[in-house]
Amino acid sequence: MTKRPRVRAPELRGRAWINTGGRRLSLAELRGRLVVLDFWTFCCVNCLHVLDELRALEARHPDTLVVVGVHSPKFAHEADHQAVLDAVERYGVEHPVLDDPELATWQQYAIRAWPTLVVIDPEGYVVAQHAGEGHVHAVDALVTELEAEHATKGTLRRGAGPYVPPEPEPTHLRFPGKVIALPSRPTVSGDGGPDEPESGPRLLVSDTTRHQLVELAADGETVIRRVGTGERGLSDSPVRLSEPQGMTPLPDGRVIVADTVNHALRIYDPGTGAVTTVAGTGAQWMSGDPTSGPAREVPLSSPWDVAWFQDRVWIAMAGIHQLWTYDPATERVAAVAGTRNEGLADGPAEAAWFAQPSGLAVSSDGERLWIADSETSALRWIDRELTVRTAVGSGLFDFGHRDGPAPEALLQHPLGVTALPAPGGGPGPVLVSDTYNHALRLYDPVSEEVSTLATDLREPSDALVLPPAPGGAERGEGGGPPEVLVVESARHRLTRLRLPVEAVPVDAVARRTRREATALAPGEVRLEVVFQPPHGQKLDERYGPATRLLVSATPPELLVDGAGRGTELRRTLRLADGVPEGVLHVSAMAASCDEPAGGAEAEEYPACHMHQQDWGVPVRIGPEGADRLPLVLAGLDEG
């Protein structure tokens, strides 16, 4: 067997355990089992990708492997225990989860990035660590090898795992995501639904956790039709979806749906109830895949919302921090905005940076596409000239709840945007579903002010402006403010609100990401990204360098030298002496391919894999700091 470095695994410590029936677990009672720790946080789309990857791994090793999620929060809201309970149910997590709001276990394992997987062998030693997504193939190979090794040694224990499923809740909706209005119809026939009880538009809601679309009557409660079997999957007949999110009507009356975890776009016909897959392959887009082409031949990555803008469908491609388009006339997709680097940078679309764009809405004048850029807690827009600008938000690590002038205002992980009409023309005000602040906010592009319209909502993820009541009018036209339906995702309902004429006063709160800063010395610091090709693989150098490294800093003056791109995973940085703190942004990529078994000659078409991770490392500069910064992409740091 291959000789591997081994480090004794620290104990698991946190506030509470979830999915264990109330039991607290320890590594001692898991001795004899293979354990994979998944360090995640529920705001992180890459973490959600890993949750999906782990399902297959758990199914292949049901009696030898125990996956333990270690929830390590980034945002303040993610430290709330009920929010973690909700997330575990929302994303279908079927293994034990340790709620670690103080990052105690995160620090014991020296974790620096979400997501990170740590493999512990049956004797309680850490044998591998992988940061980022796309590593489960390597973990699977290692687990298979360790099963054989420890079965031979007599140190492997088989049996049922400690997972205890929670009791299901009987609600009409379960963690709904987005809502749109459909044309009215007087009755429903042939689908088992009742007559519509009141006039007004039907509603279409993405019932995310139940993998369905749900048609509701105008009251927002009466179910007319459910679309989808409720089982996770990708098929048109029978209809299966996987955590659908955003929807938008097409000019012909059909609806395009972001089928998020299937990495696909589907079209739903409200007249027939039929669903057709029109974009995506069902596989997740990975580095090296095409970014344009026939829609059914190009992979997508967690499309979270869609909007009709400039005569095509725009896609908030949350999984790779970009905006794409789908043209129904040509049946082609293309990346339009974003470099795939995660962050906040404005300018020409092809050079802009996004961070999990999750909500889209077209301005009332049709000149702007508003964007809820969730991980930067930002409201942004792109215009018809394809220039990206930011209205509210400053970056990945600053968030809060503060009203006032837009440059000073703060949001916390917004997932939805809704355009309001402008009485005097122009882009019009924008409602922001400020998800982790449990609030509905308003941005006025004329005054460039942010205000709070409603609080005490529970994880609002979208809002729909309702048609004015008879005798009513839009905001500012003398008939009173409009009504909206807010998707209260964590209350599993739609809530009807009349927008207030005056803002709700709130106490301003400013926060930063909860992670201990790394102490580094001013001057030269050696950055080392640790990458060891997984067992049975080698670097893929068939077409040139197999690795890539991109480094930048916030503020930029923190980094005197060492910024930019390169192909080596080690680099000497020079840090400024006069900048006390900041964030180093490091993006690393490595390509590897399977080696032929038994020393055979190289295969013509070996299976190849891409390993990639973005780190945002908070740093504190001082004479007591270290002169080396190791970041583990795959392997163990032995420096």
Side-chain angles (χ1 to χ4, degrees), residues 2-10 36-40 46-47 50 70 72 105-121 125-139 141-142 145-146 287 342 515-521 524-541 545-552 562 565-573 575 583-593 595 608-619 625-639:
T2 303
K3 182 70 174 176
R4 310 181 190 84
R6 300 201 308 171
V7 178
R8 176 64 70 178
V36 172
L37 303 182
D38 174 23
F39 289 86
W40 70 297
N46 309 92
C47 299
V50 170
V70 182
S72 311
T105 298
W106 167 287
Q107 292 167 10
Q108 285 292 309
Y109 281 81
I111 304 301
R112 295 185 184 274
W114 298 279
T116 294
L117 299 177
V118 174
V119 182
I120 302 173
D121 73 11
Y125 289 92
V126 174
V127 294
Q129 180 174 324
H130 300 272
E133 56 182 294
H135 297 294
V136 170
H137 66 279
V139 174
L142 177 58
E145 181 184 337
L146 289 169
S287 184
E342 185 177 16
R515 275 188 291 166
E516 186 176 349
T518 299
L520 295 178
E524 289 192 355
V525 170
R526 187 69 172 163
L527 170 65
E528 298 179 2
V529 175
V530 177
F531 178 74
Q532 300 160 359
H535 181 66
Q537 297 180 30
K538 62 180 180 179
L539 286 174
D540 179 13
E541 297 177 321
T547 56
R548 185 187 69 195
L549 183 65
L550 173 65
V551 181
S552 62
R565 296 179 181 271
T567 58
E568 297 292 328
L569 293 182
R570 300 187 178 197
R571 186 180 300 181
T572 298
L573 310 179
L575 304 183
V583 177
L584 287 175
H585 305 281
V586 181
S587 178
M589 182 273 289
S592 64
C593 286
E595 292 187 293
C608 296
H609 315 278
M610 196 67 67
H611 315 262
Q612 185 168 346
Q613 176 60 23
D614 298 323
W615 292 268
V617 184
V619 297
D627 62 0
R628 176 176 177 264
L629 176 60
L631 300 174
V632 176
L633 179 59
L636 291 176
D637 175 30
E638 300 179 72

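Smallest separation of non-hydrogen atoms from Ala9 and Ile120: CB-CD1, 3.7 Å. Nearest heavy atoms, Gly616 versus His585: CA-ND1, 4.5 Å. Of all heavy-atom pairs between Val525 and Ala626, the closest is CG2-O, 4.1 Å. Here the closest non-hydrogen pair linking Ala521 and Leu575 is O-CD1, 3.9 Å. Between Asp627 and Glu524 the shortest heavy-atom distance is CB-O, 3.9 Å. Between Val529 and Ala588, the closest heavy-atom pair is CG1-CB, 3.8 Å.
One distance of note links CG of Leu629 with CH2 of Trp615; it measures 9.5 Å at 0.5 Å rounding. For the atom pair OG1 of Thr105 and CG of Leu37, the computed distance is 8.5 Å after rounding to the nearest 0.5 Å. Atom OG1 of Thr518 is separated from atom CG of Leu631 by 8.5 Å, given to the nearest 0.5 angstrom. Here CD of Gln532 is found 9.5 Å from NE2 of His130. Values are rounded to the nearest 0.5 Å. With rounding to the nearest 0.5 Å, the separation of CZ in Arg628 from CG in Leu520 is 11.5 Å. With rounding to the nearest 0.5 Å, the separation of CG in Leu549 from CZ in Arg571 is 4.5 Å.
Residues Val530 and Leu636 fail the side-chain proximity criterion, which asks for heavy atoms closer than 4.5 Å. A 4.5 Å side-chain heavy-atom check between Leu527 and Leu584 finds every atom pair outside the cut-off. At least one side-chain heavy atom of Gln129 sits under 4.5 Å from a side-chain heavy atom of Ile111. Counting heavy atoms from C-beta on, the side chains of Thr116 and Tyr109 never come closer than 4.5 Å. In this structure the side chain of Trp40 never reaches within 4.5 angstrom of the side chain of Val50, judged on heavy atoms.
Checked by atom type, the side-chain pair Arg548/Thr567 shows no donor-acceptor distance below 3.5 Å.
Proximity of a side-chain donor or acceptor of Gln613 to a complementary backbone N or O of Trp114 within less than 3.5 Å is detected. Proximity of a side-chain donor or acceptor of Ser592 to a complementary backbone N or O of Lys538 within less than 3.5 Å is not detected. A donor-acceptor contact shorter than 3.5 Å is absent between the side chain of Arg112 and the backbone of Val617.
Aromatic ring pairs are classed by plane angle as parallel below 30°, tilted from 30° to 60° and perpendicular above 60°; the pair His611 and Phe531 is tilted.
In Arg526, the CZ atom is crowded: over 12 heavy atoms of neighbouring residues, nucleotides or ligands sit closer than 6.0 Å.
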